[in-house]
Amino acid sequence: MRQPRYLLRTFGCQMNEHDSERIAGLLTADGYVATREAADASVVVFNTCAIRENADNRLYGNLGHLRPLKQANPRMRIVVAGCLAQKDGGTIRERAPWVDVVVGTHALPGLLDLLHRAETEGPQLDVREQTEIFPSALPALREVAHHAWVSIAVGCDNACTFCIVPLVRGPQLSRPIGDVLAEVHGLARRGVVEITLLGQNVNTYGRDLTVPGSARRPLFADLLRAVNRVEGLRRIRFTSPHPHDFTPDVIDAMAESDKVCEHIHFPLQSGSDRVLRAMRRSYRRERYLDWLERIRAAIPDIAVSTDIIVGFPGETQEDFEDTLDVVRRARFDQAYTFQYSPRPGTRAAEMDGQLDKHEVQERFDRLVALQEAIALEQMREQVGSSAEVLIEGLGRKGGARGRTRGNRVVHVGGEHAPGTFLDVRIVGAHPHHLDGELAAGGPGGSRSERKRASVSPPEPREPAPIR
Ligand code: 5AD
Ligand code: SF4
């Protein structure tokens with residue numbers, strides 16, 4: 001008998017990528033195989049994002065496209081998972097009654113049950129408000145064999161006034177350090193060479209835990225050092241730290257740990273102290289720049305990426321100039337720039353001084369132009385250097401595409417399988433990627449070079465990481 005097919009579409013951040021690997025793992029365990037064609041699928045899953053308004057519009061657009069298919073094939077089941085499912089719950093079925101299952105961020109482990117029940121009992125909704133089982137404990141099906149997302153905490157205890165995440169992901173819940181290590185050991189044994197540790201605010205990892213047999217809490221720096229000792233792993237990444245909770249011991253742990261890559265994502269959000277206060281981000285611009293200086297002093301080759309929001313309510317021209325000023329001084333290798341999007345339920349959505357769209361667009365364009373120029377300058381500095389590149393997939397014109405330890409995308413000629421390490425000489429620079437040539441001696445990736453060899457501007461693995 002032909003195996004049933006599923007189509008899975010993922011929106012948003014790495015946390016959703018991680019959850020999607022679990023959705024794919026659960027469906028595979030239940031006998032499904034993946035397809036790219038909705039017409040071919042018995043189950044279609046949208047793993048949704050709620051961070052900005054256009055995410056809503058896209059979901060309802062996608063659901064609209066599925067309606068005729070569902071009418072033609074009533075046995076097809078449509079699932080809405082993730083942050084929009086958590087946020088909108090029952091209203092999704094009011095707006096799109098042809099949806100069969102709405103499964104929130106805390107209810108993923110019950111996905112198969114909900115699907116089976118939908119067959120006999122009709123539409124299902126589970127938007128419970130507490131995580132009982134970490135999605136990390138579920139089987140995973142990964143798109144590439146060499147990389148894995150590893151969740152270290154879910155939820156967030158902060159209350160940045162623009163951000164919907166605490167509402168849809170709940171308060172922070174850290175995974176016991178032993179569970180994280182057990183997962184990482186298992187991944188390394190199965191050939192994973194690169195992991196990305198995920199948490200909304202990795203610096204507060206462990207605040208809600210204690211170390212077994214002691215009154216001490218595990219810290220993120222402890223976790224980094226412990227993961228660094230796992231044999232077989234070659235690269236450790238993490239996202240994201242919060243400038244408010246950042247601590248010197250994390251810099252020390254990064255500098256000491258040879259597998260921890262020379263890249264940090266350090267969300268700025270705004271360069272204006274007035275706006276940072278209104279955002280309830282409790283660091284200030286000089287403190288942010290001071291952290292950058294300390295990080296760069298300890299890890300000289302480190303690449304820095306950031307998130308910036310333009311057009312927060314009440315942002316004046318002067319506030320915006322302050323952001324440009326910090327961008328000039330910080331010299332980010334990469335910035336993810338966003339136009340402020342009011343999210344119902346957040347404090348900022350109720351604030352006076354919501355800005356005119358055209359004004360925001362104009363500021364946004366200026367910021368992007370400035371950052372592109374800086375990114376290109378930073379990239380050009382890499383030309384002539386050598387770097388270890390881990391191949392991720394196909395590149396342009398039949399070549400391969402990979403990343404340096406600094407998270408810079410490099411295109412290399414020739415066929416190279418994902419998961420291969422190459423020693424590469426950088427020969428060309430663009431704002432978002434580098435061109436590389438195989439260094440004399442060919443494939444390999446010498447370990448001795450690793451802490452030094454990398455260069456910088458990262459390109460997102462996928463859009464908009466949630467932080
Ligand atoms: N509007 C615009 N950008 C936002 N982000 C989070 N919430 C909003 C919002 N309401 C951005 C932040 C965050 C990134 C993942 O998305 O910069 O770090
Ligand atoms: Fe938490 Fe990050 Fe959202 Fe702030 S921006 S509330 S730290 S997830």
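Since the model is a prediction, treat every value here as computed from it, not as a measurement. Whatever order the structure lists them in is the order used to number ligands and atoms, beginning at 1.
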Asks: Compare all side-chain heavy atoms of Ile308 with those of Gln269 and state whether any distance is below 4.5 angstrom.
Replies: no

Asks: Of the options Ile295, Ile264, Ile302, which is the one that meets Ile251 in a side-chain contact (heavy atoms from CB on, under 4.5 Å)?
Replies: Ile295

Asks: Has Cys163 got an N/O/S atom less than 2.8 Å from atom 3 (Fe) of ligand 2?
Replies: yes

Asks: Using a strict cut-off of 4.0 Å, indicate which atoms of ligand 1 neighbour a heavy atom of Gln269.
Replies: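 Near Gln269, the atoms of ligand 1 are 12 (C), 13 (C), 17 (O), 18 (O).
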
Asks: Heavy atoms, side chains only, cut-off 4.5 Å: are Arg169 and Gln86 in contact?
Replies: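 A side-chain contact under 4.5 Å is absent here.
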
Asks: Where's the contact between Asn201 and ligand 2, heavy-atom distance under 4.0 Å: side chain, backbone, both or neither?
Replies: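 Neither; nothing of Asn201 gets under 4.0 Å from ligand 2.
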
Asks: Taking non-hydrogen atoms only, is Pro267 closer than 4.0 angstrom to ligand 1 via side chain, backbone, both or neither?
Replies: neither

Asks: Rounded to the nearest 0.5 Å, what separates atom SG in Cys156 from atom CG in Asn201?
Replies: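 Cys156 SG to Asn201 CG: 6.0 Å, rounded to 0.5 Å.
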
Asks: Hey, do the aromatic rings of Phe246 and Phe266 have their centres closer than 6.0 Å?
Replies: yes

Asks: Going by distance only, is there an N or O of Ser341 that falls short of 3.5 Å from an N or O of ligand 1?
Replies: yes

Asks: Within a distance under 4.0 Å of any heavy atom of Phe162, pick out the atoms of ligand 2 and give their elements.
Replies: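 Here the atoms of ligand 2 in question are 5 (S).
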
Asks: Determine whether Leu209 and Arg217 make a side-chain contact, defined as any pair of heavy atoms from C-beta on separated by less than 4.5 Å.
Replies: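 Heavy-atom side-chain distance check fails, nothing below 4.5 Å.
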
Asks: May I ask you to list the atoms of ligand 2 that are less than 4.0 angstrom from any heavy atom of Cys156?
Replies: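 Contacts of ligand 2 toward Cys156, numbered from 1: 1 (Fe), 6 (S), 7 (S), 8 (S).
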
Asks: Can you confirm whether or not the ring centre of Tyr336 sits under 6.0 Å from the ring centre of His265?
Replies: yes

Asks: In this structure, which one of Ile195, Ile152, Val150 forms a side-chain contact (heavy atoms from CB on, under 4.5 Å) with Val227?
Replies: Ile195

Asks: Side chain, backbone, both or neither: which part of Pro166 has a heavy atom under 4.0 Å from ligand 2?
Replies: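 Only the side chain of Pro166 comes within reach of ligand 2.
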
Asks: Looking at ligand 1, would Gln339 count as a contact under a 4.0 Å heavy-atom criterion?
Replies: yes

Asks: Specify side chain, backbone, both or neither for Ile309, according to which of its non-hydrogen atoms lie closer than 4.0 Å to ligand 1.
Replies: side chain

Asks: Using a 4.0 Å heavy-atom threshold (strictly under), name the region of Cys160 that reaches ligand 2: side chain, backbone, both or neither.
Replies: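 Both backbone and side chain of Cys160 come within 4.0 Å of ligand 2.
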
Asks: At a non-hydrogen distance cut-off of under 4.0 Å, which region of Phe162 contacts ligand 1 (side chain, backbone, both, or neither)?
Replies: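 For Phe162, backbone and side-chain atoms both sit under 4.0 Å from ligand 1.
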
Asks: If the contact criterion is a heavy-atom separation under 4.0 Å, does Arg169 count as touching ligand 2?
Replies: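 Arg169: no contact with ligand 2 (<4.0 Å).
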
Asks: Would you call Glu377 and Arg331 a side-chain contact if the rule is heavy atoms closer than 4.5 Å?
Replies: yes

Asks: Quick one: does Glu262's side chain get under 4.5 Å of Val260's, heavy atoms only?
Replies: no

Asks: Quick one: which ligand 2 atoms are inside 4.0 Å of a heavy atom on His242?
Replies: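 Taking each heavy atom of His242 in turn, ligand 2 has 7 (S) under 4.0 Å.
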
Asks: For Arg343 and ligand 1, does the shortest N/O to N/O distance drop below 3.5 Å?
Replies: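 In this structure, Arg343 places no N or O atom under 3.5 Å from an N or O of ligand 1.
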
